[in-house]
Trainee: 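Supplied in structure tokens, the structure appears directly below.
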There are 2 protein chains.
Amino acid sequence: MTSDSIARFRRFARAVTAEVGALDSSFLGRGRPLGAARVVNAIGAGRMDVAEIRAYLNLDSGLMSRLLRSLEDEGLVTTEPHPDDARRRVARLTEAGRREFSAYEGLSDARASALLERAPRAEELLRAMDLVALTLGRDRITIAEADARSEAARSCLEAYYAELARRLETGFDVKLSCDPEAEAMVRPRGAFLLAMADDLPVGCVGLKGSGGPVAEVKRLWIDPAARGFGLARRLMQAVETAARELSVAVLRLDTNSALPEALALYRKTGWVAIDRFNDDPYPDHFFEKTL
Amino acid sequence: MTSDSIARFRRFARAVTAEVGALDSSFLGRGRPLGAARVVNAIGAGRMDVAEIRAYLNLDSGLMSRLLRSLEDEGLVTTEPHPDDARRRVARLTEAGRREFSAYEGLSDARASALLERAPRAEELLRAMDLVALTLGRDRITIAEADARSEAARSCLEAYYAELARRLETGFDVKLSCDPEAEAMVRPRGAFLLAMADDLPVGCVGLKGSGGPVAEVKRLWIDPAARGFGLARRLMQAVETAARELSVAVLRLDTNSALPEALALYRKTGWVAIDRFNDDPYPDHFFEKTL
DNA sequence: CATAATAGCTGACCTTAGTCAGACATTATA
DNA sequence: TATAATGTCTGACTAAGGTCAGCTATTATG
């Protein structure tokens, strides 16, 4: 690693330290120490189990307990024993607590918004931030099943179609392609999987089934900022697992030689080239894998 | 600003918070509270005047004084009155202090290096970090005079040549162009200015003089990650100021229509198109400005 | 059923960071 | 030369974060 690279990295660290410090201090300014504000936000973000909050915020049990008492005194939080295990406790925001949480969210959103509006080329800045955030947080990316008709799924599919249109010499019009109706990618006939980074989708793959022993893998796509982390392989493994659960014996897929990284992945992971099995105008390579 | 953009910004903030927190905590782990470590690093980075360190780290004078005493007790720092003004004090690292500073630097460098080595496409990641760092720190970019033969200047010039080679249809070979020998861009004949962000150069411009009343502006270049902040305009203003100091009455420059943003800037800032005044093969537009 | 493990609570205590008023020496200014 | 301003230092004080031993209640386990 060159010293110039390291200097650039450290310039980055200095610049974001100031910005992140300012984000942190947006947790202040509402008459409450940072620790208590962080607890309100952890609960607001859906963490309820006290031990879970403690682990997330890295707090001593004594400190955590005191923070919860002070928030109860303020009327922002109620606690009650965990229904399954009375040693544990769960915390909930009161109506006032939810208002405080919204206020904190609003402050963070406003700061983000102000920064983005001041930036020339905001979309380029966001893509740069995506790349940094995903590289730093690559180990926290999870694979989860989702409805193919959900907003997160649709945003991935649109990005996929746009990328095909850019990369295929012929362009790409989803209406001319074999567009699997979303129902074919919903259980029990099929499935749809998303790679999620911090509640934002960064990749997808669909399993288009018919109820029979043969199903098709469709719509494998990874956000450009998340490439190189092995997500495509993880998604393909997950879709194979889902196919096995649905008693699928044979998987098929079609793809295009303009997507060499996809071809390489299929060849490396046990897929076998077969003859054309549909009349879709776009693909020029066809693969099969027996499960 | 869309809610999706804001969510992406906040994902970025979360990801770097963890990383920056880790960077901060590399200031810990050497048996010294964060405040004292930050003072050691400020002095090591060349800040000597106590008031200057205080302003930089945003510290109360009482706290600063105590931190310096504790560092003196540790044998890391000595202080003495400022030679010009005995009210002020200057702080210096002792030999042991310099060792501590090096240790902190080593920890930060190691962390940066480890992260970059783990990243696929490290250069793309660095460019993304540059864009984020420069956008966040745009108000801290300064214009300073530098030697045209210095390393910082040379790295800008090389980037400039590479960009010309990319953007001119004919390509660009600096040997075929009127390459001003560096001496012509050094005082008292000329000048060379750099835009600096955190000790790294992000833009340059040269003033090529002959000692006479006519001089030439050369090599205006801005790092792609720093475009849109008005740096070109600032550099041009600075080079005009430098020219006036050198008693230059008339400035000239040549440029190419493949660089429309440069042409637009010159036209907006009082430059007048003139006839070709050299036989350089690359430029196709020529401008003049009377100071 | 006795014992161990788990989860949280409480009180005592410590460190770090930060604030503020006042003291002191020095320098700038009317 | 008197006065104001500047820069640092000291002592007194506070808030916030954090640690630890011991307590209670509950659940898991041999």
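The sequence lines fix the lettering, A, B, ..., with proteins before strands; numbering per chain opens at 1.
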Trainee: Within this structure, what is the CG-to-C1' distance between A:Asp84 and C:dT6, rounded to whole angstrom?
Mentor: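 Going from A:Asp84 (CG) to C:dT6 (C1'), I get 15 Å.
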Trainee: With the side chain of A:Arg88 defined as its heavy atoms from C-beta on, choose the nearest nucleotide among D:dT27, C:dG8, C:dT26.
Mentor: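 Comparing D:dT27, C:dG8, C:dT26 against the side chain of A:Arg88, the answer is C:dG8.
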Trainee: Between A:Arg10 and B:Asp109 (salt bridge meaning N to carboxylate O under 4.0 Å), is one present in this structure?
Mentor: yes
Trainee: I'd like to know if the side chain of B:Ser150 and the backbone of B:Ala146 have a donor-acceptor N/O pair within less than 3.5 Å.
Mentor: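 No; zero donor-acceptor contacts below 3.5 Å.
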Trainee: In whole Å, what is the span from the CZ atom of A:Arg54 to the P atom of D:dT19?
Mentor: 12 Å
Trainee: Output the residues of residues 68-80 of chain B in contact with DNA chain C, where contact means a heavy atom of the residue under 4.0 Å from an atom of the strand; sort by number or write none.
Mentor: none
Trainee: Nearest to the side chain of B:Arg87 - D:dT19, C:dT27, C:dA7?
Mentor: C:dT27
Trainee: Return whichever of A:Asp85 or A:Arg38 has its heavy-atom-nearest nucleotide of DNA chain D closer to the 5' end.
Mentor: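 Of the two residues, A:Arg38 wins.
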Trainee: Among D:dT19, C:dT10, D:dT26, which is the nearest nucleotide to the side chain of A:Arg66?
Mentor: D:dT19
Trainee: Atom CG of B:Leu59 to atom P of D:dC9: distance rounded to whole Å?
Mentor: 13 Å
Trainee: So do the side chains of A:Arg244 and A:Val248 get within less than 4.5 Å of each other, counting heavy atoms only?
Mentor: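 SC-SC contact between A:Arg244 and A:Val248 ruled out.
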Trainee: With a 4.0 Å cut-off, would you call B:Arg14 and A:Asp199 a salt bridge?
Mentor: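 Answer for the salt bridge query: no.
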Trainee: What's the closest nucleotide to the B:Asp49 side chain, out of C:dT27, D:dT8, C:dG8?
Mentor: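 Between C:dT27, D:dT8, C:dG8, the one nearest the side chain of B:Asp49 would be D:dT8.
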Trainee: From the list D:dG7, D:dT19, D:dA16, which nucleotide is the closest neighbour of the side chain of A:Pro33?
Mentor: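 Given the options D:dG7, D:dT19, D:dA16, the side chain of A:Pro33 is closest to D:dA16.
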Trainee: Roughly how many Å is it from CD in A:Glu52 to P in C:dG8, rounded to a whole number?
Mentor: 11 Å
Trainee: Between A:Asp60 (CG) and C:dA12 (C1'), how many Å, whole number?
Mentor: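 Rounded to the whole Å, the gap is 13 Å.
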Trainee: Choose from C:dG18, D:dG18, D:dT8 the nucleotide whose nearest atom is closest to any side-chain atom of A:Leu63.
Mentor: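 Selected nucleotide (nearest to the side chain): D:dG18.
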Trainee: Taking the nucleotide of DNA chain D with the closest heavy atom to each, which residue, A:His82 or B:Ala51, is nearer the 5' end?
Mentor: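 Closest to the 5' end, via its nearest nucleotide, is B:Ala51.
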Trainee: From D:dT27, D:dT8, D:dC20, pick the nucleotide closest to the side chain of B:Arg89?
Mentor: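 Between D:dT27, D:dT8, D:dC20, the one nearest the side chain of B:Arg89 would be D:dT8.
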Trainee: Are A:Glu124 and B:Arg127 within salt-bridge range, i.e. N to O under 4.0 Å?
Mentor: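 B:Arg127 and A:Glu124: not salt-bridged.
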Trainee: Is it true that A:Arg187 and A:Glu245 have a side-chain N and a carboxylate O under 4.0 angstrom from each other?
Mentor: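 The answer is yes: the pair qualifies as a salt bridge.
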Trainee: Would you kindly say whether A:Arg32 and A:Tyr104 are connected by a side-chain donor-acceptor distance under 3.5 Å?
Mentor: yes
